[in-house]
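Heads up, the thing below is written out as structure tokens.
All values below come from the heavy atoms of this structure, side chains included, with hydrogens, waters and symmetry mates left out. Quick caveat, the model's predicted, so the values are computed rather than measured. Letters A, B, ... mirror the listed sequences (proteins, then strands); counts begin at 1.
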There are 2 protein chains.
Amino acid sequence: MPPYDTKTRILDGAEKLFAREGFHNTSLRAITSLAEANLASVNYHFGSKDALLQAVIERRLLPLNQIRETKIREVLARASEENTPPTADSLLCAFIEPTLEFSNSSPGAKDFISLVGRSLSDPDETVRNCFLTLVLPTFQLLFKGLCDALPQLSPTILLTRLQFIMGTMSHVMCMGTLSALNNPALPPPLDQNTLIQQLLKYALAGLEAPE
Amino acid sequence: MPPYDTKTRILDGAEKLFAREGFHNTSLRAITSLAEANLASVNYHFGSKDALLQAVIERRLLPLNQIRETKIREVLARASEENTPPTADSLLCAFIEPTLEFSNSSPGAKDFISLVGRSLSDPDETVRNCFLTLVLPTFQLLFKGLCDALPQLSPTILLTRLQFIMGTMSHVMCMGTLSALNNPALPPPLDQNTLIQQLLKYALAGLEAPE
DNA sequence: AATCGTTTCAAACAAGTGTTTAAATAGGGA
DNA sequence: TCCCTATTTAAACACTTGTTTGAAACGATT
């Protein structure tokens, strides 16, 4: 592991372990030993374990959110150009697709996605807030777009359903690293791409259901 | 707290803390101090911290699953009586409604529901398996019923969507104790009952979407 | 070659962890 | 009353935790 610089090595190791073992169940010693770094280097480079978590999340979530926001704004711009409301389908797609495509972009990304998926309902407020504050702006942008796309639904219902979708997404995001629901009596799981397509179809149908 | 017996007091305290702070972030000392019991009593009554978690989950999940199974079997029996396939709506209802009604049944139940919601994607295999093995039989019963209810959908798609629903459910279950997504720019959240109705409508629409 | 700030390192720190022990205390039945 | 079992208790156990320390090693600049 040690060719690249210590700080990155620690980030990679922490990402992997936080995702697979959980934040509180991961010790700095486990991280530094995986990263082949000295124990004290975490506090030297990041200040504390909490700050390390924040750095792990921000490193990937900031660029990911930027992609999502750009895509959503493109959809909104195209719609306003054609003087029609945006479609719920295209908005949802702009939000969901980058997330799961992202998990194929680099080896550590899958772990990261799983970490993010879990942090939405993490009992630790530090973890949850660290994630929520980063996603909230994008979430609000999506919500406002959907209000225009589906004016027949009240904002309250729309928000509720959007939260349902977030729940579905985090679950799917976690499934990547979790031991699957493998049982001989059940059919085998789908591959990543079909899974995204199915997720989109499911979420869209649930979102557009009559009130 | 101390009127009733120590074992129950420990279960109640553990349930509350496991749900709110997470399993690994909760110490036995915190539990026993909340339960006004001696530290050693946990190991005396339950053997270990892991076994305590198992006891906490089993205490409520076993009866809850029994309710769910009974309701599902009732739906199946009624359908076979009338010689028609069961409806996806009634099956889903039999599975979902008891879960969230349960959270109003006793003060600790809301914590428990939140704990269960999280354990579906808990990084710790001990936690996850403890939960999965208890729910799997009910889950399979539901799955087989849905295969009859929606024969136009392939079992693989059906299973995938059922997992989406599980994700939505766990998220909703967690939301009870989590600091809500409260933002002045967003509408306020729904009350518990309307939330269940909405969840059912959302899940049913997503489940029945054309393949 | 000497000096600088930056980074690494082994060691120790105090605090907290789950678990075990053995003694003390109960409380009912013979 | 005495005895036996079940429970509670305080204390200690061995171990892990995040963090801090001060000296060592490094690497570029002068």
Item to check | pair A:V135-A:R68: side-chain heavy atoms closer than 4.5 Å | outcome: yes

Item to check | Between B:S41 and B:T6: side-chain donor-acceptor atoms closer than 3.5 Å | outcome: no

Next on the checklist: Distance check needed: C:dC9 P versus A:N43 CG, whole Å only.
Outcome noted: 15 Å

Checklist outcome for this item: The nucleotide from C:dT19, D:dT9, C:dC9 with an atom nearest the side chain of B:A40 is D:dT9

Item to check | Spacing between A:D50 atom CG and D:dT17 atom P, to the nearest angstrom | outcome: 16 Å

Next on the checklist: Rounded to whole Å, please give me the gap between CG in A:D124 and P in D:dG18.
Outcome noted: 13 Å

Next on the checklist: What is the distance, to the nearest angstrom, from the NZ atom on A:K49 to the P atom on D:dT17?
Outcome noted: 9 Å

Checklist entry - Below 4.0 angstrom from OP1 or OP2 of D:dA6, is there any side-chain N or O of B:H45? => result no

Checklist entry - To the nearest Å, how far apart are A:H24 NE2 and D:dT17 C1'? => result 13 Å

Checklist entry - In whole angstrom, what separates B:N25's CG from C:dA15's P? => result 19 Å

Next on the checklist: Please compare A:N38 and A:R29 by the position of their nearest nucleotide in DNA chain C and report the one closer to 5'.
Outcome noted: A:N38

Item to check | Atom-to-atom span, CZ of B:R9 to C1' of D:dT7 - whole angstrom | outcome: 12 Å

Item to check | With A:F95 via ring-ring contact (aromatic ring centres under 6.0 Å, His included) - residues at least two apart | outcome: none

Checklist entry - Quick check, are the ring centers of A:Y202 and B:Y202 under 6.0 angstrom apart? => result yes

Next on the checklist: Measuring to OP1 and OP2 of C:dT8, would you say a side-chain N or O of A:T6 lies under 4.0 angstrom away?
Outcome noted: yes

Checklist entry - Where each residue is assigned the nucleotide of DNA chain C containing its nearest heavy atom, which of A:Y44 and B:S48 is assigned the position nearer the 5′ end? => result A:Y44

Checklist entry - Within a reach of under 6.0 Å around NZ of A:K49, are more than 12 heavy atoms found that belong to other residues, nucleotides or ligands? => result yes

Checklist entry - How is A:S27 classified with respect to the nucleic acid when contacts are heavy atoms under 4.0 Å: base, sugar-phosphate, or nothing? => result sugar-phosphate

Checklist entry - Rounding to a whole Å, what distance do you find between A:D5:CG and C:dT8:P? => result 8 Å

Checklist entry - Base, sugar-phosphate, or nothing for B:T32, non-hydrogen atoms under 4.0 angstrom? => result nothing

Checklist entry - Taking for each residue the nucleotide of DNA chain D bearing the nearest heavy atom, is the 5' side occupied by A:G47 or by A:A30? => result A:A30

Checklist entry - Which listed nucleotide (D:dT19, C:dT7, C:dA10) is nearest to the side chain of A:L28? => result D:dT19

